[in-house]
Amino acid sequence: MLIPEPVEAALNFSWHVTKGIAHVSLWPVRAIMGTPDMPTTHKPKEGESVYDIADPMLDIASIIYYYTELRSETKVLLVKYAEKFNLTTKEIDIIRNAIMKTVTTLEAVKEVEQADVSTSNVLADYQVSLKQLEDIKSRFNLTGGDVDVFTTYFNILKEPKSAESIKSDLLLYNDFISPLFRKSFGGSEWNVSNIISMVDRDPTMYIKEIDDDFSKKSFAKFINGFESELVYAIFVSPANKRVTVAFRGSVNANDWKTNMYGFGVMTDFELPGYTSDESAARDARQSYGRVHQGFYEYLFGKTKKGANESYKSKSEEIMGILCDLFENECKGFSLFVTGHSLGGSLSTLFAARAATFGQFGKVTNVSFASPYCGGQEFRDHFYELEKKNLIRHIRISNEEDVVPLIPFFAPNGIAPPEMFKHVGMNIRMYDGDHLLMPKCRLFYPKEGSLPNEIRNAVLNNVPMGLSVGVISKHLCPEYCSRLESSSEELKKISVEGLYEDAEITGWSTDVVVKK
């Protein structure tokens, strides 16, 4: 249960004042080291500020929780309703195909009527689909009301799915989601406001692919969730010429098992991910450092057999979809990757995968509340990708959200533990109740700078991240609130401007490009 805000603020007051005084007293040190709270960059072009990039990514990283839960609950309702007729999975698919054929042919009729052209062919297709549906009703003893119920469920689960349709689903079928989940993940109004913002930015936005086939319900089926797989969705924004891969954070048991795998033990970051036993035995894979084994296996390891009879890893499944998109309907688009919490770490590992072989040009990763996901060698590989302009990473975290501060080391038996290292430009956002503290600060692991490494270690650790009410500081609504509070500062700086500043990075993009 979350602590009431007035009580939380009162309990944290003395700790916040202490940190605020320490921050002010260390101003001379920051001045000498040349590490202001927020650096200045050239004025961003419209839509290219850190805020303009982070805001839509946070909406996507948030809505994937709520929308996939609606889909999960809908699947449960669908199965329960089908049990009334003793339908098998194959028979449900037959009904689905007949109903969706009727829906799509009716939409085609409406489109040609609006275009004021001949409707004879599409009208004939629609009439055929109606006849087929009547045959299905007779075969399975379904009434018109039964077909309406099935149509509702199938429409919610339909792919591709426009953002406008998702908004309608959340407004119409919000009660499908349990009150506990709604309260825990920001509430109905907040989630609907996120999808409205997405539609306002681009009315043509849609979900191209959503993979939640092996995901169990969150709370009611938590224990059964040990059999679940990670969940992702691919959003396409034609107006912004942007494809975004979003990874959902922790919801079910297997998500949490992944977080705590071996208490953060590391493994080699071998690429590409698993595709088949034959290719694993035949093709040599290269390691690009060491990363969290739980995250790696969740994203790059062998999966359950899907509808296409494949055990291919999620990473390579996504890569295949993206390659097809960028070769066809999304030529000239930019690739973004995002996620919150566990989804944030998965987004960073996948962004590194997508950037390593350079298929998509520059990849932009915007992660929120991400735990550590790799060690120093992984960071070194990430540096190289950044220097080659193949990746840009904005890692956003909240002050006193402890999740981005763990696991800080990986146990390694009797050998010395391996230390985790963050990557990318860290925007740390502060609560407005923090006296004497800025709205936000920038941290980056400046290459070759020991003073910078010490500064980051002192200011980014678990004791400094502890407070009363740590859970609320990790949730998406608090990230949204602090992002809005920091918007004025973040609208003044650009992602490229940060990366072009050698005082921040320790290297010059100009020098790298000339090479």
Side-chain angles (χ1 to χ4, degrees), residues 1-5 58-81 152-153 155-159 161 163 165-198 207 210-233 235 246-260 298 338-344 346 368-369 398 401 403 469-481:
M1 182 176 178
L2 300 182
I3 300 173
E5 287 186 15
L58 182 53
D59 283 345
I60 290 174
S62 303
I63 203 66
I64 192 172
Y65 284 106
Y66 210 70
Y67 181 56
T68 55
E69 185 67 9
L70 173 61
R71 286 172 54 89
S72 179
E73 295 286 3
T74 300
K75 291 175 184 178
V76 172
L77 292 171
L78 172 61
V79 170
K80 284 184 178 179
Y81 201 79
T152 295
Y153 297 154
N155 270 326
I156 293 173
L157 300 172
K158 183 175 67 172
E159 296 175 48
K161 187 88 171 183
S165 295
I166 295 172
K167 181 179 79 172
S168 298
D169 289 346
L170 293 180
L171 289 170
L172 292 171
Y173 309 114
N174 183 63
D175 289 345
F176 285 9
I177 301 173
S178 71
L180 177 59
F181 188 94
R182 275 181 267 162
K183 184 175 182 180
S184 300
F185 285 83
S188 306
E189 290 185 12
W190 183 77
N191 281 281
V192 170
S193 71
N194 286 341
I195 192 66
I196 289 174
S197 296
M198 291 168 60
I207 291 181
I210 185 164
D211 187 347
D212 55 358
D213 293 343
F214 295 105
S215 177
K216 300 292 184 182
K217 284 174 60 181
S218 55
F219 298 129
K221 301 289 184 181
F222 183 83
I223 299 301
N224 291 347
F226 277 116
E227 301 300 318
S228 296
E229 294 182 349
L230 71 82
V231 172
Y232 72 85
F235 293 75
F247 293 92
R248 192 185 70 182
S250 300
V251 170
N252 56 49
N254 208 30
D255 293 333
W256 289 104
K257 175 185 172 184
T258 296
N259 289 328
M260 297 181 287
Y298 217 24
T338 193
H340 169 266
S341 193
L342 165 65
L346 296 174
F368 301 90
N398 279 346
D401 176 4
V403 172
V470 291
I471 295 177
S472 64
K473 296 175 178 66
H474 179 64
L475 301 180
C476 290
E478 182 65 17
Y479 271 81
C480 185
S481 174

Closest non-hydrogen atom pair between [X] and [Y], with its separation:
X: Thr338; Y: Ala61; result: OG1-CB, 4.0 Å
X: Asn191; Y: Gly186; result: ND2-C, 4.1 Å
X: Lys167; Y: Ile196; result: CD-CG1, 3.6 Å
X: Ser197; Y: Asp59; result: CB-OD2, 3.5 Å
X: Lys158; Y: Arg71; result: O-NH1, 4.4 Å
X: Glu229; Y: Tyr298; result: C-OH, 3.6 Å

Could you tell me whether the side chain of [Y] reaches within less than 4.5 Å of the side chain of [X], counting heavy atoms only?
X: Tyr67; Y: Ile195; value: no
X: Ile207; Y: Glu159; value: no
X: Asp175; Y: Arg182; value: yes
X: Ser341; Y: Val403; value: yes

Rounded to the nearest 0.5 Å, the OH atom of Tyr65 sits from the CZ atom of Phe185 at a distance of 6.0 Å

Roughly how far apart are Leu70 CG and Ile166 CD1, rounded to 0.5 Å?
9.5 Å

Start with the C-alpha gap between Thr74 and Tyr173, add the side-chain angles, then the distance that decides, and say whether side-chain contact (heavy atoms from CB on, under 4.5 Å) holds.
CA-CA 9 Å; Thr74 300; Tyr173 309 114; over 6 Å; no

Do the ring planes of Tyr66 and Phe181 sit parallel (below 30°), tilted (30 to 60°) or perpendicular (above 60°)?
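Judged by the thresholds at 30° and 60°, the geometry between Tyr66 and Phe181 is tilted.
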
Counterpart residues, salt bridge (Lys or Arg N to Asp or Glu O under 4.0 Å), relative to Asp401 (two or more places apart)
none

Between Asn174 and Ser188, is there a side-chain donor-acceptor contact under 3.5 Å, judged purely by atom types and distance?
yes

Carboxylate-amine/guanidinium contact Asp169 Lys161, below 4.0 Å:
yes

Give a yes or no answer on whether the side chain of Asn194 reaches the backbone of Ile63 with a donor-acceptor pair at less than 3.5 Å.
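Pair absent, no side-chain N/O of Asn194 close to backbone of Ile63.
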
Could you tell me whether the side chain of Ser72 and the main chain of Thr68 form a donor-acceptor pair under 3.5 Å?
no

Please test Ile156 against Leu78 for side-chain contact (heavy atoms from CB on, under 4.5 Å), starting from the C-alpha separation and ending with a verdict.
CA-CA 11 Å; Ile156 293 173; Leu78 172 61; over 6 Å; no

Single hit among Phe368, Phe247, Tyr479 for ring-ring contact (aromatic ring centres under 6.0 Å, His included) with His340:
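Result: among Phe368, Phe247, Tyr479, Tyr479 is the only option passing the ring-ring contact (aromatic ring centres under 6.0 Å, His included) with His340.
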
